[in-house]
Amino acid sequence: EQTIWVIPNSQEVDVKIKYSNKGAGNVKKGQAVRIALDDYPDYEYGFLEGQIGSILPIQTENTHEATVTLTLKKLLTSQGKELPILPLMEGNGEILLNDRSIFQRIFSSILR
């Protein structure tokens, strides 16, 4: 019995992110995304950066899905480490909903 792995010879990266219904209306095209990959811990390798490229207009299994366009064409992390492209890579993404400073976040509710 033999096992064969077919690995595509491509430098293209297709990143999909799923997120819950809670607050889904705040997600917009162009928002920044940080991605931490399970195989490469972010405290050691850093994270990938990208932007929401498109949003699937329908829900699937009570979640929304968006495509993330990476800032760089290769998998170069925030710590400058280049990762190999594997057929399936999983991780967690953080969508930065707005670009407010810490000062604005703290005092926005007070100054209303």
Side-chain angles (χ1 to χ4, degrees):
E1 189 173 317
Q2 297 180 350
T3 303
I4 297 174
W5 290 97
V6 178
I7 300 175
N9 187 15
S10 173
Q11 295 303 311
E12 295 292 320
V13 179
D14 189 20
V15 180
K16 304 280 186 199
I17 186 169
K18 290 185 178 185
Y19 52 97
S20 73
N21 291 336
K22 185 176 181 180
N26 293 325
V27 177
K28 307 280 186 247
K29 185 176 176 181
Q31 288 176 316
V33 179
R34 291 184 185 157
I35 302 166
L37 297 172
D38 292 345
D39 291 338
Y40 301 96
D42 57 337
Y43 60 85
E44 185 177 345
Y45 291 90
F47 51 85
L48 301 174
E49 297 175 318
Q51 293 182 330
I52 300 290
S54 64
I55 300 171
L56 191 66
I58 59 171
Q59 295 180 35
T60 56
E61 299 175 9
N62 294 325
T63 60
H64 291 272
E65 186 176 307
T67 300
V68 176
T69 304
L70 295 179
T71 304
L72 302 172
K73 293 292 182 190
K74 51 187 171 182
L75 295 182
L76 190 64
T77 68
S78 59
Q79 292 188 10
K81 297 183 180 183
E82 188 171 352
L83 305 177
I85 297 174
L86 302 175
L88 179 64
M89 303 173 88
E90 294 183 351
N92 292 307
E94 177 182 11
I95 301 171
L96 305 176
L97 295 177
N98 47 33
D99 194 19
R100 296 189 301 168
S101 69
I102 293 174
F103 177 81
Q104 289 171 323
R105 291 174 194 266
I106 292 172
F107 292 105
S108 67
S109 61
I110 296 172
L111 298 175
R112 287 187 200 181

Taking [Y] as the starting point, is it possible to reach [X] by hopping between hydrophobic residues whose side chains are less than 4.5 Å apart?
X: Ile17; Y: Leu72; value: no
X: Val15; Y: Leu56; value: no
X: Ile85; Y: Leu37; value: yes
X: Tyr45; Y: Met89; value: yes

Write down the atom of [X], the atom of [Y], and the distance for their closest heavy-atom approach.
X: Gly46; Y: Ser78; value: CA-OG, 3.4 Å
X: Gln31; Y: Leu96; value: CB-O, 3.8 Å
X: Asp42; Y: Ala36; value: CB-CB, 3.9 Å

Query raised in the report: How are the rings of His64 and Tyr19 set to each other: parallel, tilted or perpendicular (split at 30° and 60°)?
Result: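 The rings of His64 and Tyr19 lie parallel, inter-plane angle below 30°.
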Query raised in the report: From Lys18 NZ over to Asn62 CG, what is the distance, rounded to the nearest 0.5 angstrom?
Result: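 So the gap between those two atoms works out to 11.5 Å.
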Requested in this report: Drop me the distance from Glu65's CD to Thr63's OG1, to the nearest 0.5 angstrom.
Outcome: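 Atom-to-atom, Glu65:CD and Thr63:OG1 are 7.0 Å apart.
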**Report entry** Within 6.0 Å of NZ in Lys81, more than 12 heavy atoms from elsewhere
**Finding:**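 Above 12, so yes.
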Query - Atom CD of Glu44 with >12 non-hydrogen neighbours under 6.0 angstrom - result: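 Yes, because the 6.0 Å sphere around CD of Glu44 holds more than 12 heavy atoms from other groups.
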Contact between [X] and [Y] at the side-chain level, heavy atoms closer than 4.5 Å - yes or no?
X: Leu70; Y: Leu75; value: yes
X: Thr77; Y: Leu48; value: yes
X: Lys28; Y: Ile52; value: no

**Report entry** Steps toward side-chain contact (heavy atoms from CB on, under 4.5 Å) verdict (Thr67, Lys16)
**Finding:** CA-CA 5 Å; Thr67 300; Lys16 304 280 186 199; 3.2 Å; yes
Query - Derivation and outcome, side-chain contact (heavy atoms from CB on, under 4.5 Å), residues Ile35 and Val33 - result: CA-CA 6 Å; Ile35 302 166; Val33 179; 3.9 Å; yes
